[in-house]
A.B. asks: 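Got a structure for you, questions after.
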Amino acid sequence: SSGINAEYGIVVTVSVVSVVTDKLGLLLEVAGIISAIPYAFIFPPLLYLKLDPNGSTMHAGKICAILMLTFGCLFFILGFTGLVIKIISNVPETPDLRYCEVMCNSTVAQMLNI
């Protein structure tokens, strides 16, 4: 089916690009925004609303589904916007961790009584 092909396409694309680039965190963010948010927060309430046997009457289940769908769409938009801003602003993937070298070396020296 086309859903399975889309999943394989996303996985293969992310895998190939992750081998080519050093920004793995950015790729995981893209995969999460494109696949995880819709699968967890958008598609289930859409299916529930489509298959709801009560029709147009408003009840607690329908209200929960609408809220979940609203928050899912909001998270998708915010995540995608944040991702685009991160790509455009060229934020470095990892912070400068030189302080760790100094701390680790001094800790090792203290442990060895050097």
A.B. asks: Does any pair with a residue in residues 26-46 pass salt bridge (Lys or Arg N to Asp or Glu O under 4.0 Å), and if so which ones, sequence neighbours excluded?
C.D. replies: Glu29-Lys86

A.B. asks: Rounded to the nearest 0.5 Å, what separates atom CD1 in Ile66 from atom CD1 in Ile63?
C.D. replies: 7.0 Å

A.B. asks: Which heavy atom in Pro38 sits nearest to a heavy atom in Ile33, and how many Å separate them?
C.D. replies: CD-O, 3.3 Å

A.B. asks: From the options Ile85, Val84, Leu83, select the one residue that forms a side-chain contact (heavy atoms from CB on, under 4.5 Å) with Thr81.
C.D. replies: Ile85

A.B. asks: With sequence neighbours left out, write down each residue that passes ring-ring contact (aromatic ring centres under 6.0 Å, His included) with Phe71, or none if nothing qualifies.
C.D. replies: none

A.B. asks: Got a second to check how far Leu74's CG is from Thr70's OG1, nearest 0.5 Å?
C.D. replies: 8.5 Å

A.B. asks: When hydrophobic residues are tied together by side-chain contacts of less than 4.5 Å, even through go-betweens, does Leu69 share a cluster with Met58?
C.D. replies: yes

A.B. asks: Of the non-hydrogen atoms in Phe41 and Gly72, which two are nearest, and what is the gap between them?
C.D. replies: CB-CA, 3.6 Å

A.B. asks: Taking all atoms of both residues into account, what is the closest heavy-atom pair of Met68 and Ala40, and its distance?
C.D. replies: CE-O, 3.1 Å

A.B. asks: Is the number of heavy atoms from other residues, nucleotides or ligands within 6.0 Å of CZ (Phe76) greater than 12?
C.D. replies: yes

A.B. asks: Go through it in stages, so that I can follow the logic: the residues are Ile42 and Leu46, the test is side-chain contact (heavy atoms from CB on, under 4.5 Å), and I'd like the CA-CA distance, side-chain angles, deciding distance and then a yes or no.
C.D. replies: CA-CA 6 Å; Ile42 296 175; Leu46 278 176; 3.9 Å; yes

A.B. asks: Who pairs with Ile34 by side chain to side chain contact (heavy atoms under 4.5 Å, CB included), at least two apart in sequence or on another chain?
C.D. replies: Ile10, Val30

A.B. asks: What's the separation between atom CD1 in Ile37 and atom CD1 in Ile77, rounded to the nearest 0.5 Å?
C.D. replies: 10.5 Å

A.B. asks: Passes side-chain contact (heavy atoms from CB on, under 4.5 Å), Lys62 versus Leu49? Steps please.
C.D. replies: CA-CA 7 Å; Lys62 187 174 272 191; Leu49 293 172; 3.5 Å; yes

A.B. asks: Do His59 and Asp52 make a side-chain contact, defined as non-hydrogen atoms from C-beta onward lying under 4.5 Å apart?
C.D. replies: yes

